[in-house]
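Please read all numbers here as calculations on a predicted model, not as lab measurements.
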Amino acid sequence: VKYILRGVVIGAAINCCWAMIDAIIYYIQGISITNELFRTYIIAADLKYEELSLIRKPFIRSSGLNGDPANIGMLAPILAAYALYSKKGLLYFLSIGAVFASVSIVALASILIITIVYLVSNLRNLKRGILVMLVTPLFIVPIMSFNDDISKMMIEAVRLRLESKQDAVGGNNKDNARFVYWVDFLPAAASHPTALLIGTGYGTASRAYNDLGFVNNGVKIPYDPEQTYCSTYFNCGLIGFMAFILLYIMLIKRSYKMIKY
């Protein structure tokens, strides 16, 4: 298990580092090295946008060495948590850089939560955190001034992404569709009573929403939406969903005991 976890951390660090390099080169040269180096794979896999790193001018959402920038939304928080736990500041700032390279709001929110939990867990961490926040600008300002355009574009990319998330609640886009899975969960669940026990089958969580016309993105076959809890309920039924939540509770309890002792 130790070697597996070490591999996860190393893989997360490599992905975050690659994402940053990919984004920096894009903002300097206007090309994504990920898309260029893996062009053959992109064509062979017939990817939806014909891209691995999504170019949304004027910014890029770098995927690292993955097929989706959203994966950095998982890998960056893992790296940040490990960095705080092992007191490796360089890895922590690498995870922050990956957030701006991938423009992952999930990663940004996750790292903020992880950092807050770490700081309030004991007084020593809080004092160290305050010291770091006071010293950090001394390093950040010179780095930003080295190539001010790159830093400005990365920050602007995150700002635009945040605005698009806010507009999604009342808009008509992909993010709004994710919001629909929460709002229309009860009528969707009532329309498929079998989901109460056994679910509708793995990978079919969108069936109830599609049948009722709540979502329609042109895909005729059922698929799993980017909504973990709704997907788990329809995939596995209420029994599977309760087991899923119970697993989270057990992990939190065991983690707390490990920290305590």
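Residue Glu50 comes nearest to Arg39 through the heavy atom pair O-NH1, 3.2 Å, listed as atom of the first residue, atom of the second, then distance. The two atoms that bring Leu79 and Cys16 nearest to each other are CD2-SG, 4.0 Å, heavy atoms only. Nearest heavy-atom pair, Ala13 versus Leu91, reported as atom, atom and distance to 0.1 Å: CB-CD2, 4.4 Å. Of all the heavy atoms in Pro77 and Ile111, the pair that sits closest is CA-CG1, 3.9 Å. Summarising the geometry of Ala19 relative to Ala101, their closest heavy-atom pair is O-CB, 3.4 Å, with the distance given to 0.1 Å.
If you chain together hydrophobic residues whose side chains sit under 4.5 Å apart, Leu212 and Phe234 fall into the same group. With hydrophobic clusters built from ILVMFWY side chains whose heavy atoms lie under 4.5 angstrom apart, Leu37 does not share a cluster with Ile43. The hydrophobic clustering, which links ILVMFWY residues whose side-chain heavy atoms are closer than 4.5 Å, places Leu186 and Met242 together. Grouping the Ile, Leu, Val, Met, Phe, Trp and Tyr side chains by contacts below 4.5 angstrom, directly or via other members, places Phe244 apart from Tyr202. Tracing side-chain contacts under 4.5 Å through hydrophobic residues (I, L, V, M, F, W, Y), one never reaches Ile72 starting from Leu65; they form parts of separate clusters.
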Kindly determine whether Thr115 and Tyr92 satisfy side chain to side chain donor-acceptor pair (under 3.5 Å), including the steps that lead there.
-> CA-CA 10 Å; Thr115 303; Tyr92 182 80; 2.7 Å; yes
Take Asn15 and Asn66 through the side chain to side chain donor-acceptor pair (under 3.5 Å) test and state the conclusion after the steps.
-> CA-CA 8 Å; Asn15 270 277; Asn66 293 279; 2.5 Å; yes
I would like to know whether Ser95 and Val99 meet side chain to side chain contact (heavy atoms under 4.5 Å, CB included); could you show each step before the answer?
-> CA-CA 6 Å; Ser95 69; Val99 169; 6.0 Å; no
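Rounding to the nearest 0.5 angstrom, the gap separating the CD1 atom in Ile60 from the OH atom in Tyr27 is 7.0 Å. Separating the CD1 atom in Ile21 from the OG atom in Ser32 is a distance of 12.0 Å, to the nearest 0.5 Å. Rounding to the nearest 0.5 Å places OH of Tyr181 at 5.5 Å from OG of Ser206. Between Thr34 atom OG1 and Tyr41 atom OH the span is 12.5 Å, to the nearest 0.5 Å. To the nearest 0.5 Å, the span separating CD1 on Ile42 from CG on Asn35 amounts to 4.5 Å. Here Thr200 contributes atom OG1 and Tyr233 contributes atom OH; the two are 9.5 Å apart, rounded to the nearest 0.5 Å.
Ring centroids of Tyr209 and Phe185 are separated by 6.0 Å or more, keeping the two rings apart.
Panel note: side chain Arg61, backbone Ser102; a donor-acceptor pair is recorded below 3.5 Å. One N or O on the side chain of Ser104 and one on the backbone of Ala107 form a donor-acceptor pair closer than 3.5 Å.
Between the side chains of Ser53 and Asp22, at least one donor N or O sits under 3.5 Å from an acceptor N or O.
Using cut-offs of 30° and 60° for the angle between ring planes, the Tyr248 and Tyr229 rings count as tilted.
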Contacts table for residues 2-9: side-chain donor-acceptor under 3.5 angstrom, sequence neighbours left out:
none

